[in-house]
Amino acid sequence: MEQDYLLLYKTLFDHYGPQNWWPADTPLEMMIGAILVQNTNWRNVEKALIKLRPYLGAEALDRLQEEELAQLIKPSGFFNIKAKRIKSFIQWWKQYNFSLNRVKKLEKETLRKELLNVHGIGRETADVMLLYALDKAVFVVDAYARRIFYRIGYDMPNSYDQFRLEVEQTFPEKLDVFNEFHALLVEHAKQYCRTRPLCDKCPLSSICKKRVEGD
DNA sequence: GTCCGGTGTC
DNA sequence: GACACGGGAC
């Protein structure tokens, strides 16, 4: 079998168990976290979220000055850019009166296009929002997924959407599978499949070709 | 390809 | 000290 995504998923799930993502109390917190975590360590995002907690309501964030917001989220890095991005996102959501249900009623592809149209929301951020806050079944292609799939030996498309669709075809509309899959890949990338991989005792040893980047 | 950026880790 | 980090815009 060339590229057995189901086997990969099962192997990860058997080892790590259910992850029950995303780590957030509310959909808003989830979506803000998605912006804050762009190319940033999650630990730094948690620090920013703690400072931001008193303002973690759509109206409160809308009222907050961008400069003030930037200061609050400083620990997450790229704070000026991210403050702008959060503002853009809130402005977009405001069109729906900050109603999650109204947004969730939109078609998956329609909603993705709308999110991609928001300044500061790219494919990955849009997809994690779709998956973890808006109940849309999408496979998230992040740097970890690319790294892990590559090292295992899977020959994946370079294009984000081609990569995504390739995996999605294996699990059509399986919301909870995509939910767990992305979380498991992140966990695995943190624990074993790091920049410097820890291949000894890696739970994927039996199915991994241990390919090295730059071949 | 380059910039944005604070916070861990090696 | 360099380097990496649930990316995206320019």
Side-chain angles (χ1 to χ4, degrees), chain A residues 8-9 12 16 18-25 27-52 66-92 112-134 136-151 156 158-164 167 177-200 212-214:
Chain A
L8 168 60
Y9 173 71
L12 286 171
Y16 296 104
Q19 302 296 300
N20 300 313
W21 259 30
W22 177 291
D25 292 336
L28 175 66
E29 184 185 334
M30 184 276 140
M31 296 189 282
I32 298 301
I35 292 173
L36 293 179
V37 80
Q38 290 170 353
N39 204 39
T40 300
N41 195 300
W42 181 255
R43 302 171 60 107
N44 293 357
V45 175
E46 284 180 316
K47 294 175 192 290
L49 283 173
I50 288 171
K51 298 180 73 174
L52 199 56
E66 189 175 308
E67 294 73 19
E68 212 174 326
L69 176 57
Q71 292 308 306
L72 290 168
I73 63 173
K74 211 163 200 173
S76 75
F78 305 140
F79 46 88
N80 287 316
I81 286 177
K82 285 173 179 175
K84 207 174 292 291
R85 292 179 178 178
I86 289 171
K87 279 295 187 181
S88 301
F89 169 72
I90 292 294
Q91 281 308 113
W92 169 77
R112 171 186 280 110
K113 280 173 191 160
E114 285 223 14
L115 286 172
L116 288 176
N117 215 26
V118 177
H119 180 89
I121 297 185
R123 292 183 180 84
E124 184 183 332
T125 306
D127 283 344
V128 291
M129 286 179 174
L130 288 169
L131 181 59
Y132 293 106
L134 304 168
K136 306 296 185 190
V138 293
F139 178 76
V140 178
V141 184
D142 64 342
Y144 289 160
R146 289 188 184 279
R147 180 200 289 171
I148 294 170
F149 279 55
Y150 182 85
R151 286 178 177 172
M156 304 305 291
N158 220 2
S159 131
Y160 181 99
D161 287 309
Q162 296 288 332
F163 192 130
R164 175 175 63 81
V167 180
V177 170
F178 294 128
N179 189 317
E180 287 295 334
F181 207 169
H182 176 62
L184 287 164
L185 287 167
V186 171
E187 188 60 25
H188 182 61
K190 286 179 176 173
Q191 289 205 28
Y192 293 95
C193 212
R194 307 177 174 189
T195 310
R196 290 267 325 267
L198 307 175
C199 295
D200 304 339
V212 178
E213 288 88 345

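Labels below follow one simple rule: chain letters A, B, ... track the order of the sequence lines, proteins then strands, and each chain is numbered from 1. Both backbone and side-chain heavy atoms feed into the values below; hydrogens, waters and symmetry mates do not.
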> Just checking A/Gly77: base, sugar-phosphate only, or nothing, at a heavy-atom cut-off of under 4.0 Å?
base

> So, does A/Gln38 use its side chain to make a donor-acceptor pair with the main chain of A/Gly120 at under 3.5 Å?
yes

> Between C/dC3 and B/dC3, how far apart are the P atoms? Round to whole Å, please.
15 Å

> Where the side chain of A/Thr195 is concerned, which of C/dA4, C/dG7, C/dC10 is the nearest nucleotide?
C/dA4

> Taking the nucleotide of DNA chain C with the closest heavy atom to each, which residue, A/Tyr160 or A/Arg194, is nearer the 5' end?
A/Arg194

> When the P atoms of C/dC10 and B/dG5 are considered, how many whole Å apart are they?
14 Å

> Does the base of B/dG8 carry an N or O that pairs as donor and acceptor with the side chain of A/Asn41 under 3.5 Å?
no

> In whole Å, what is the span from the NZ atom of A/Lys190 to the C1' atom of B/dG8?
13 Å

> Nearest to the side chain of A/Gln38, which nucleotide is it out of B/dG6, C/dG8, B/dG8?
C/dG8

> Checking contacts here: which listed nucleotide (B/dG8, B/dG6, C/dG7) is nearest the side-chain heavy atoms of A/Arg43?
B/dG8

> Pick base, sugar-phosphate or nothing for A/Thr40, based on heavy-atom distances below 4.0 Å to the nucleic acid.
base

> Rounded to whole angstrom, note down the P distance from B/dT2 over to C/dA4.
15 Å

> Judged by atom type as modelled, is there a donor-acceptor pair below 3.5 Å linking the side chain of A/Tyr192 to the main-chain atoms of A/Pro197?
no

> Which of these nucleotides, B/dG6, B/dG8, C/dG7, is closest to any side-chain atom of A/Arg85?
C/dG7

> Do any N or O atoms from the side chain of A/Glu124 and from the backbone of A/Val140 form a donor-acceptor pair under 3.5 angstrom?
no

> Taking the minimum atom-to-atom distance to the side chain of A/Phe78, which one of C/dG8, B/dC4, B/dG8 wins?
B/dC4

> Just by distance, do the side chain of A/Lys87 and the backbone of A/Glu66 share a donor-acceptor pair under 3.5 Å?
no

> Write down the distance between CZ (A/Arg147) and C1' (C/dG7), rounded to a whole number of angstrom.
14 Å

> Please check if the side chain of A/Arg146 supplies one atom and the backbone of A/Asn158 the other of a donor-acceptor pair under 3.5 Å.
yes

> Quick one: does A/Arg112's side chain have a donor or acceptor within less than 3.5 Å of a partner on A/Leu130's backbone?
no

> What integer distance in Å separates A/Leu36:CG from C/dG7:C1'?
12 Å

> Send over the distance from A/Asn80 CG to C/dG8 P, rounded to a whole Å.
19 Å

> Using whole Å, what does the distance between atom P of nucleotide C/dC3 and atom CG of A/Asn39 come to?
15 Å

> Within this structure, what is the CH2-to-P distance between A/Trp42 and C/dA4, rounded to whole angstrom?
22 Å

> Grab the NE2-C1' distance between A/His119 and C/dG8 for me, whole Å please.
8 Å

> Looking at the side chain of A/Ile81, which of C/dA9, C/dG7, B/dC4 is the nearest nucleotide?
B/dC4

> In whole angstrom, what separates A/Arg196's CZ from C/dC5's C1'?
17 Å

> For B/dG8 and A/Lys47 - does any side-chain N or O of the residue sit under 4.0 Å from the phosphate oxygens OP1/OP2?
yes

> For A/Ile121, report the nucleic acid contact type (base, sugar-phosphate, nothing); a contact means any heavy atom under 4.0 Å.
sugar-phosphate

